[in-house]
2 protein chains.
Amino acid sequence: METTTTQQEQGDPRRSPDQRRSADRRRRELLEAADRVVLRDGPQASMNAIAAEAGITKPILYRHFGDKSGLYRALAERHTDGLLAALRTAIDASSDRRERVEHTLDTYLAAIETRPQVYRFLMHPAEDSHHSEQGFDVGRHTAPLLRRLGEELGTVIAERVDLGPGGDELARIWAHGIVGMMHGAGDWWLSERPCSRQQLVRSLADLLWGRLSVAEDRPGSPRF
Amino acid sequence: METTTTQQEQGDPRRSPDQRRSADRRRRELLEAADRVVLRDGPQASMNAIAAEAGITKPILYRHFGDKSGLYRALAERHTDGLLAALRTAIDASSDRRERVEHTLDTYLAAIETRPQVYRFLMHPAEDSHHSEQGFDVGRHTAPLLRRLGEELGTVIAERVDLGPGGDELARIWAHGIVGMMHGAGDWWLSERPCSRQQLVRSLADLLWGRLSVAEDRPGSPRF
DNA sequence: GTACACATGTTACTACCGGTAACCGCAGTC
DNA sequence: GACTGCGGTTACCGGTAGTAACATGTGTAC
């Protein structure tokens with residue numbers, strides 16, 4: 001067999017006490033191998049490839065993760081947790097609201113800029129092949145990352161900003177809208193790079209600050 | 001067990017006189033069959049299923065559309081054109097800017113509300129299985145529909161709103177941000193239905209009108 | 001020591017997918 | 001007739017997710 005794995009198995013013959021830990025360790029090793037493959041081959045990496053990278057064969061992967069979407073979910077959770085943590089600290093770093101917004105936007109954009117493969121993987125989740133029986137579940141389109149982001153941001157807004165009666169609902173709406181804006185603009189920016197990151201952050205913050213509503217009409221604006 | 005046992009054996013004597021059916025007609029028929037299947041089975045409908053629905057077999061589909069992504073592109077173009085046309089008229093319907101924004105948002109949301117399958121298909125494009133040789137093209141994540149929407153809205157904003165020097169770039173940034181906001185919030189709303197469409201439209205317009213920036217801090221807001 | 005249970009791993013398979021080669025039969029036209 | 005183009009098919013290829021069955025080591029009970 002091929003000795004492709006980077007870290008050699010520690011050759012540890014005594015495993016009587018820590019069998020449970022061994023399973024956890026193994027699982028983490030498999031996840032790391034999967035990570036390497038997914039980041040190299042894209043989200044449609046095959047289970048065979050992942051198994052080969054881990055130095056084992058498919059059925060073991062299935063024993064650990066159930067199916068492909070299970071593996072991908074586990075993989076996505078790790079990265080999502082990381083990004084969420086970064087965003088939480090960003091949201092708490094400043095006291096001025098505008099600064100907070102800009103800082104958060106910048107953190108997100110920096111993340112997707114420095115590791116676009118991770119980003120792409122998180123946005124194109126499992127795409128679970130076996131359609132769930134009854135025709136077409138409308139829900140569950142967006143990547144779970146965006147949902148979680150939206151919900152977290154919603155609670156943050158709701159508990160920090162006074163929006164009057166019905167403010168919680170409004171906060172959630174805004175949160176999902178803001179996350180969508182961040183995602184959409186970030187995705188476009190990442191692929192076209194039309195400006196600097198700072199420029200993008202400022203422009204989006206300006207948009208959220210209502211500059212669109214106060215700008216003047218263009219003199220010869222077509223009304224066709 | 002599925003192959004060849006389906007109903008495609010219709011003797012079909014009604015084809016002798018009028019073979020005037022040009023390739024275009026055939027193509028449109030195939031597209032309509034594909035539409036039916038995709039709207040029934042979701043975006044991962046198989047070519048076999050589409051061919052069966054059209055009463056023919058796979059190779060004919062491939063002769064007409066090249067490959068699966070070709071078929072899906074043709075399919076997506078139809079729907080995209082329809083939605084874009086609706087949005088264009090919505091954007092021109094009112095003179096007041098706020099009304100225009102609300103009207104446009106509402107048109108988009110109404111579209112995805114009344115035909116969520118179409119919407120889902122447009123947002124999860126081909127996902128072309130054969131990864132394009134060189135590792136991992138970072139660009140081309142988002143559905144083409146969103147890109148087109150963003151670009152069109154960008155030109156509309158640029159030509160109607162006076163944003164000063166560098167306004168065109170700013171308009172494009174805002175446009176992609178707004179489209180992302182619309183998409184993200186719409187997707188979340190569609191799957192959770194936390195409020196009425198009108199409520200969502202108003203809230204998003206409020207967000208764009210800068211209400212977030214002028215709201216008061218909550219008294220006991222945690223600063224942890 | 002032997003027997004059992006269990007975790008870890010393998011090979012070899014099914015069922016299906018996108019895509020293609022090769023062939024078949026029927027129009028029309030010299 | 002023969003020859004060509006076209007709409008159609010069957011039968012295949014390579015690759016995918018997922019599984020069954022079998023092979024091992026390893027710790028524990030008797």
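In the text below, chain A, chain B and the rest are named by the order of the sequence lines, each starting its count at 1. Computed from a prediction, not measured in an experiment: that's the story for all the values here.
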*For Ala49(B), which contact category applies under a 4.0 Å heavy-atom criterion: base, sugar-phosphate, or nothing?*
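The answer is nothing, as Ala49(B) stays clear of every strand by at least 4.0 Å.
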*With heavy atoms under 4.0 Å as the rule, sort Ser46(A) into base, sugar-phosphate or nothing.*
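Result for Ser46(A) = sugar-phosphate.
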*asked:* In terms of relative ring orientation, are His176(A) and Trp188(B) parallel, tilted or perpendicular, with 30° and 60° separating the classes?
replied: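 Parallel: the ring planes of His176(A) and Trp188(B) meet at under 30°.
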*From the list dT9(D), dA17(D), dG18(C), which nucleotide is the closest neighbour of the side chain of Pro59(B)?*
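Nucleotide nearest to Pro59(B)'s side chain: dT9(D).
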Throw together a table of side-chain donor-acceptor distances under 3.5 angstrom for residues 32-39 of chain B, partners on residues two or more places apart or in other chains.
from	atom 1	to	atom 2	distance (Å)
Asp35(B)	OD2	His79(B)	NE2	3.4
Arg36(B)	NH1	Glu53(B)	OE2	2.4

*Give a yes/no answer on whether the side chain of Thr57(A) brings an N or O atom under 4.0 Å of OP1 or OP2 in dG9(C).*
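Result: no.
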*State whether Arg26(B) places a side-chain N or O below 4.0 Å from either non-bridging phosphate oxygen (OP1 or OP2) of dG8(D).*
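Yes, because at least one side-chain N or O of Arg26(B) sits under 4.0 Å from OP1 or OP2 of dG8(D).
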Starting from [atom2] on [N], measure out to [atom1] on [X] and report it in whole angstrom.
{"X": "Ile60(A)", "N": "dA20(D)", "atom1": "CD1", "atom2": "P", "result": "17 Å"}
{"X": "Lys68(B)", "N": "dC17(C)", "atom1": "NZ", "atom2": "C1'", "result": "8 Å"}
{"X": "Asn48(B)", "N": "dA15(C)", "atom1": "CG", "atom2": "P", "result": "16 Å"}
{"X": "Glu29(B)", "N": "dG8(D)", "atom1": "CD", "atom2": "C1'", "result": "15 Å"}
{"X": "Tyr62(A)", "N": "dT8(C)", "atom1": "OH", "atom2": "C1'", "result": "18 Å"}
{"X": "Arg27(A)", "N": "dA7(C)", "atom1": "CZ", "atom2": "C1'", "result": "16 Å"}
{"X": "Arg63(B)", "N": "dG5(D)", "atom1": "CZ", "atom2": "P", "result": "14 Å"}
{"X": "His64(A)", "N": "dG18(D)", "atom1": "NE2", "atom2": "P", "result": "16 Å"}

*Which angle, rounded to 10°, do you find between the first-five-pair axis and the last-five-pair axis of the helix from dG1(C)-dC30(D) to dC30(C)-dG1(D)?*
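Computed angle between terminal axes is 30°.
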*Does Arg193(A) make a cation-pi contact with Trp189(A), if we ask for NZ or CZ under 6.0 Å from the ring centre and within 45° of the axis?*
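Flagged: Arg193(A) positioned over aromatic ring of Trp189(A).
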*Supply the atom-to-atom distance Leu208(A) CG to Trp174(B) CH2, rounded to the nearest 0.5 angstrom.*
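So the CG of Leu208(A) and the CH2 of Trp174(B) are separated by 10.5 Å.
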*Without swapping roles, check the side chain of Tyr72(B) against the backbone of Pro43(B) for a donor-acceptor pair under 3.5 Å.*
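Here the side-chain-to-backbone pair exists.
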_More than 12 heavy atoms from other groups under 6.0 Å of CZ on Arg115(A)_ =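 Not more than 12 within 6.0 Å, no.
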*Mark yes when over 12 heavy atoms from residues, nucleotides or ligands other than Arg202(A) sit less than 6.0 Å from its CZ; otherwise mark no.*
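No, because the 6.0 Å sphere around CZ of Arg202(A) holds 12 heavy atoms or fewer from other groups.
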